[in-house]
Undergrad: 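Before I ask anything, here is the structure I am working with.
Residue numbers run from 1 in the order of the sequence given. Both counts, for ligands and for their atoms, begin at 1 and track the order of listing.
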Amino acid sequence: MVGPFLPDDEKLPAIREALPSTAAGIYLNTGTCGPLPRETARAMAELEGIELRTGRADIAYWKDSEERMNEARAAVAAVLGTEPRRIALTHATTEGMNVATWAIDWRAGDKVVTTSLEHGGALAPLWALRSRLGVDVAIADIGVGGDPAEVLAALDRAITPETRLVCVSHVSWATGARLPIAEIVALAHSRGALVAVDGAQAVGAIPVSVEELDADFYAVPGQKWLLGPDGTGALYCAPAVLDRPRLTFAGYASFESLGLDLEGKLRLDARRFEVAGYHQPSVLGFARSTAWLSMYVGLNWIHERTARLAGEAAAMLAAVPGVEVITPRDHMAGLVTFRIAGWTPGPALRELSQRTLVIARTIPPLDAIRISVGFFNTDHELRRFRDGVALVAAHTPETIPHRPRIEVLRGGLE
Ligand SMILES: Cc1ncc(COP(=O)(O)O)c(C=O)c1O
């Protein structure tokens, strides 16, 4: 591990060298897609070459594929603090949230509760649930302040004895607020409801122990903070969920055996929720990126560094006149969401991209800009970004000088 043994000024260049796209700009958009490790891309290309040359149909390939899937489940399980048999591989967070939503035997009068800060990946399955089965979806207004007591109070009002499922993000994609998941789970369980957590902005950014949180489902993407390829993800399924064989989609992978007479033996582990085939280079890439983080970089170091850098980024931005940081600084992860007075987020981010080469995104429902601060970012990058924000904030779209001053704000690794 490069982790504990090297000082940051030696470790960081090695890490950034292993993540080539960190040199493409100030990479502050891991919340959309993280930078791919060189090692991951190399392993995927190698497997693609093998597939091209020897095909994908022989028994050895099939056996290797099974091992790769096991490796990916084990790598994710290690990051989530659980066992591989509780992990189903998926193709996205959204797929995991769909599986969780449809793993319940919905009945007339049932209710599902979610919050006002969810991503479409959690909301879309609820839309389908409501339109297909008429299930009542209650949206608890948790505001943007992220105060845990207020979040809990809002959910306390929303969760009733009719609630069968609570769908909630660990970290809001919009405000970057970290929600009190363990307390939400305890509240929901005390009223007989299951909890499906959207972990898209949490896993790989903050420590997550699904068993300590006691979540029933916990959905994870590969492509964000775990730095894996697109089209990968995983779903943690608690023992309580695995004890009830409720499937909506099922495939041959769901069964130990399935006869022509439809007599079947369902798998006892989370693989029952895996329906069809997987793109093997992506599964390999997902496993490699995840293992690279935990075995090469070190999860504790990642979490501590992300917390420090993201906290400092929020503080630096908050100190810029005209900037309003929306992210609650005492309950945050790696995301920082902010507004610049006098600017709408699209033009402001365009200016920032031109002047600092930042890679970030806007959050349209909040009229804000979001940056995702990763362990691979440098203090110098964050200061350059802050300087760019200060420049934009000191002007209006009408008064800002037209010529981009990249040469002033651009700089190397410090
Ligand atoms: C909180 C949250 N949930 C879900 C998603 C969707 O993730 P995926 O593309 O893995 O389904 C995102 C980001 O795109 C997100 O930020």
Undergrad: Return a yes/no value for Thr93: is any of its N or O atoms, backbone included, closer than 3.5 angstrom to an N or O of ligand 1?
TA: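 Among all N and O atoms of Thr93, at least one is under 3.5 Å from an N or O of ligand 1.
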
Undergrad: Assess whether a salt bridge exists between Arg164 and Asp105, defined as any Lys/Arg side-chain N lying under 4.0 Å from an Asp/Glu carboxylate O.
TA: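 A salt bridge is present here (some side-chain N lies under 4.0 Å from a carboxylate O).
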
Undergrad: Considering only heavy atoms of Gln223, which atoms of ligand 1 have at least one such atom less than 4.0 Å away?
TA: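 Here the atoms of ligand 1 in question are 8 (P), 9 (O), 10 (O).
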
Undergrad: Does some non-hydrogen atom of Lys224 fall short of 4.0 Å from ligand 1?
TA: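 It does; at least one heavy atom falls under 4.0 Å.
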
Undergrad: Which heavy-atom pair separates Leu155 from Ala140 by the least distance, and what is that distance?
TA: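 Heavy atoms only, the tightest pair is CD2-CB, 3.9 Å.
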
Undergrad: Quick one: do Asp379 and Arg308 make a salt bridge, cutoff under 4.0 Å?
TA: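 The answer is yes: the pair qualifies as a salt bridge.
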
Undergrad: Taking only heavy atoms of Pro221 into account, list the atoms of ligand 1 that are under 4.0 Å away from them.
TA: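 Checking each atom against Pro221, I get 10 (O).
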
Undergrad: Under 4.0 Å from any heavy atom of Trp173, which atoms of ligand 1 are there?
TA: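 Matching atoms, with element in brackets: 1 (C), 16 (O).
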
Undergrad: Is any NZ, NE, NH1 or NH2 atom of the basic residue among Arg267 and Glu274 found under 4.0 Å from an Asp or Glu carboxylate oxygen of the other?
TA: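 So Arg267 does not pair with Glu274 through a salt bridge.
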
Undergrad: Would Arg350 and Ser353 count as a side chain to side chain donor-acceptor pair (under 3.5 Å) if you check the C-alpha gap in whole Å, the side-chain angles of each, and the deciding distance to 0.1 Å?
TA: CA-CA 5 Å; Arg350 262 195 305 282; Ser353 304; over 6 Å; no

Undergrad: Would you call the rings of Phe375 and Trp292 parallel, tilted or perpendicular if under 30° counts as parallel and over 60° as perpendicular?
TA: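 Rings of Phe375 and Trp292: tilted, 30 to 60°.
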
Undergrad: Tell me which part of Met97 gets within contact of ligand 1: side chain, backbone, both or neither, using heavy atoms under 4.0 Å.
TA: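 Near ligand 1, Met97 shows nothing, with every heavy atom at 4.0 Å or more.
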
Undergrad: What I'd like to find out is whether the side chain of Ile159 reaches to under 4.5 Å of the side chain of Val166, using heavy atoms alone.
TA: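 When only atoms from C-beta onward are counted, Val166 and Ile159 do touch, with a gap below 4.5 Å.
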
Undergrad: Does an N or O from Thr94, backbone or side chain, lie closer than 3.5 Å to an N or O of ligand 1?
TA: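 Among all N and O atoms of Thr94, at least one is under 3.5 Å from an N or O of ligand 1.
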
Undergrad: Would you say ligand 1 has an N or O under 3.5 Å from any N or O of Gln201?
TA: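 For ligand 1, there is an N or O atom that lies under 3.5 Å from one belonging to Gln201.
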
Undergrad: Below 4.0 Å from any atom of ligand 1, is there a heavy atom belonging to Glu95?
TA: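 The answer is no, since Glu95 has no heavy atom less than 4.0 Å from ligand 1.
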
Undergrad: Does a side-chain N-to-carboxylate-O contact under 4.0 Å join Glu39 and Arg42?
TA: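 Arg42 and Glu39: salt-bridged.
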
Undergrad: Can you tell me the protein heavy atom closest to atom 1 (C) of ligand 1 and the distance?
TA: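 Nearest protein contact, heavy atoms only, for atom 1 (C) of ligand 1 is Asp198 OD2, 3.4 Å.
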
Undergrad: Record the part of Ala200 in heavy-atom contact with ligand 1 below 4.0 Å; permitted values are side chain, backbone, both and neither.
TA: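 For Ala200, only side-chain atoms sit under 4.0 Å from ligand 1.
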
Undergrad: Which heavy atom of the protein is the closest neighbour of atom 6 (C) of ligand 1, given with residue, atom name and distance?
TA: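 So the nearest neighbour among protein heavy atoms is His119 CE1, 3.6 Å.
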
